[in-house]
K.L.:
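Before I ask anything, let me first share the structure, which is written out below as structure tokens.
Order of listing sets the numbers, starting from 1, for every ligand and every atom in it.
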Amino acid sequence: MTRIGIILGSTRPNRNSESVGRWVLEHTAGHDASFEIIDLREHALPFFDEPLPPMAGQYQNPHTRAWAELISSFDGFVVVTPEYNHAPSAVLKNALDYLYAEWNNKAVGFVSYGMLGGVRATEQLRLVAGELQMADVRAQVALSMVSDFENFSEFRPAARHEGDLQALLGQVVSWSRALAPLRQAGPVAATV
Ligand SMILES: Cc1cc2nc3c(=O)[nH]c(=O)nc-3n(C[C@H](O)[C@H](O)[C@H](O)COP(=O)(O)O)c2cc1C
């Protein structure tokens, strides 16, 4: 069974990422994959503290090894990202920076939220995904803090987003499957 992780990109108290992530999870029925929320609160990582770059694949810290073991168990991801200062949150970028091979040849789709739908965070994450040798799908969900949340905190998504979400989930699942032979072939060599 193809396994897709839904990464919550915020850990702050009162975060909106949790309700958005739950909404994603609630709309996964009908897709031939299993889905699981990956909560960065439960996998708390200090700011990157490995002596070697992740491309070396020699993780020393127990928290890095635990994170690597978790991420390697998934075939693809949906990243739920807030927009902080026109960028992804530091906690999300840090979690991505920690690993390398565990992200390679896996599909990723982005669900963002912000005053303008969080699209600036997603554009930056697409650059990061490229460097991590992930396949980012075109379909994306961009939720407005103004019209998809009441009082900027109660999540009430417009119905039209469900179509975008279904397209995203379909692409993430099919690309995750299609990339399985490459993952089985082993780690991807990183060049300059
Ligand atoms: C540090 C910080 C920076 C923010 N910067 C932006 C921004 O650049 N653009 C935007 O649309 N919203 C911005 N916001 C508002 C967030 O979109 C909103 O607070 C959202 O709920 C944050 O996600 P979270 O609740 O899951 O943490 C910012 C919020 C914080 C806390």
Side-chain angles (χ1 to χ4, degrees), residues 3-28 31 34-49 63-64 66-67 70-71 74 76-99 102-103 106-132 134 136-169 171-172:
R3 272 169 55 77
I4 307 295
I6 302 168
I7 300 177
L8 305 186
S10 171
T11 53
R12 72 175 185 95
N14 301 326
R15 62 187 175 170
N16 282 314
S17 65
E18 202 168 325
S19 46
V20 177
R22 269 204 311 272
W23 173 77
V24 172
L25 186 62
E26 283 162 10
H27 287 82
T28 54
H31 292 277
S34 67
F35 294 82
E36 200 176 293
I37 286 190
I38 302 173
D39 189 341
L40 298 179
R41 268 190 197 165
E42 290 166 16
H43 307 283
L45 293 162
F47 272 120
F48 183 75
D49 63 352
H63 54 257
T64 313
W67 182 234
L70 179 74
I71 293 305
F74 290 96
F77 302 92
V78 176
V79 171
V80 175
T81 181
E83 182 175 294
Y84 286 0
N85 297 315
H86 295 196
S89 63
V91 75
L92 174 59
K93 177 63 162 49
N94 188 51
L96 292 167
D97 286 346
Y98 251 95
L99 307 177
E102 293 77 9
W103 301 117
K106 296 182 179 177
V108 61
F110 299 103
V111 174
S112 62
Y113 49 98
M115 301 306 283
L116 297 175
V119 292
R120 293 164 294 209
T122 291
E123 288 302 300
Q124 292 198 21
L125 286 167
R126 288 187 185 281
L127 294 175
V128 175
E131 180 58 15
L132 292 173
M134 302 181 84
D136 56 319
V137 304
R138 178 183 182 277
Q140 66 185 65
V141 179
L143 302 158
S144 164
M145 291 304 300
V146 180
S147 53
D148 294 309
F149 292 81
E150 275 175 30
N151 299 322
F152 303 100
S153 57
E154 296 293 315
F155 186 41
R156 303 269 184 273
R160 68 183 175 84
H161 295 300
E162 289 182 23
D164 292 339
L165 179 59
Q166 291 306 326
L168 182 155
L169 292 171
Q171 289 183 3
V172 167

K.L.:
Taking 4.0 angstrom as the limit and counting only heavy atoms of His86, give me the atoms of ligand 1 inside it, by number and element.
P.N.:
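So the atoms of ligand 1 that pass are 7 (C), 8 (O).
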
K.L.:
Within the 4.0 Å heavy-atom shell around Ser17, which atoms of ligand 1 are there?
P.N.:
26 (O)

K.L.:
Should the ring pair Phe35 and His31 be called parallel, tilted or perpendicular, given that the plane angle runs from 0 to 90° and is split at 30 and 60?
P.N.:
perpendicular

K.L.:
Within ligand 1, which atoms have a heavy atom of Pro82 less than 4.0 Å away?
P.N.:
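Near Pro82, the atoms of ligand 1 are 22 (C), 23 (O).
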
K.L.:
Looking at Asn16 and Phe152, would you say the former's side chain and the latter's main chain have a donor-acceptor pair under 3.5 Å?
P.N.:
yes

K.L.:
Could you tell me if the ring centre of Trp23 sits under 6.0 Å from that of His27?
P.N.:
yes

K.L.:
Which of the numbered atoms in ligand 1 are below 4.0 angstrom from a heavy atom of Gly114?
P.N.:
11 (O), 17 (O)

K.L.:
Parallel, tilted or perpendicular, judged at 30° and 60°: which one describes the rings of Phe155 and Phe149?
P.N.:
tilted

K.L.:
Can you tell me if Trp67 uses its side chain to pair, donor with acceptor, with the backbone of His43 under 3.5 Å?
P.N.:
no

K.L.:
Between the main-chain N or O of Met134 and the side-chain N or O of Trp103, is there a donor-acceptor pair closer than 3.5 Å?
P.N.:
no

K.L.:
Has the side chain of Lys106 got a donor or acceptor atom that lies under 3.5 Å from a matching backbone atom of Phe77?
P.N.:
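No; judged by distance alone, with no hydrogens or angles, the pair does not exist.
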
K.L.:
Among all protein heavy atoms, pick the one closest to atom 5 (N) of ligand 1 and tell me residue, atom and distance.
P.N.:
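The closest heavy atom on the protein side is Asn85 N, 2.8 Å.
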
K.L.:
Do any pairs count as a salt bridge (Lys or Arg N to Asp or Glu O under 4.0 Å) and have a residue in residues 137-149, sequence neighbours left out, and if so which ones?
P.N.:
none

K.L.:
Can you tell me which portion of Ser10 lies within the under-4.0 Å heavy-atom range of ligand 1? Options are side chain, backbone, both, or neither.
P.N.:
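Only the side chain of Ser10 comes within reach of ligand 1.
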
K.L.:
Please list the nearest protein heavy atom to atom 21 (O) of ligand 1 with its residue and the distance rounded to 0.1 Å.
P.N.:
Asn16 ND2, 2.8 Å

K.L.:
Please list the nearest protein heavy atom to atom 20 (C) of ligand 1 with its residue and the distance rounded to 0.1 Å.
P.N.:
Tyr113 CE1, 3.9 Å

K.L.:
What protein heavy atom is closest to atom 22 (C) of ligand 1, reported as residue, atom name and distance in Å?
P.N.:
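Nearest protein contact, heavy atoms only, for atom 22 (C) of ligand 1 is Tyr84 CE1, 3.6 Å.
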
K.L.:
Of the protein's non-hydrogen atoms, which lies at the shortest distance from atom 12 (N) of ligand 1, and what is that distance?
P.N.:
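Answer for atom 12 (N) of ligand 1: Glu83 O, 3.5 Å.
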
K.L.:
Does ligand 1 have any atom that is closer than 4.0 Å to a heavy atom of Phe149?
P.N.:
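So Phe149 does not count as touching ligand 1.
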
K.L.:
Should the proximity of Met145 to ligand 1, defined as any heavy atom under 4.0 Å, be assigned to the side chain, the backbone, both, or neither?
P.N.:
side chain

K.L.:
Nearest 0.5 Å, what's the CE-CD distance between Met115 and Glu83?
P.N.:
10.0 Å

K.L.:
What protein heavy atom sits nearest atom 19 (O) of ligand 1, and how far away is it?
P.N.:
Arg12 NH2, 4.1 Å

K.L.:
What residue and atom, counting heavy atoms only, is the protein's closest point to atom 11 (O) of ligand 1, and at what distance?
P.N.:
Met115 N, 2.7 Å

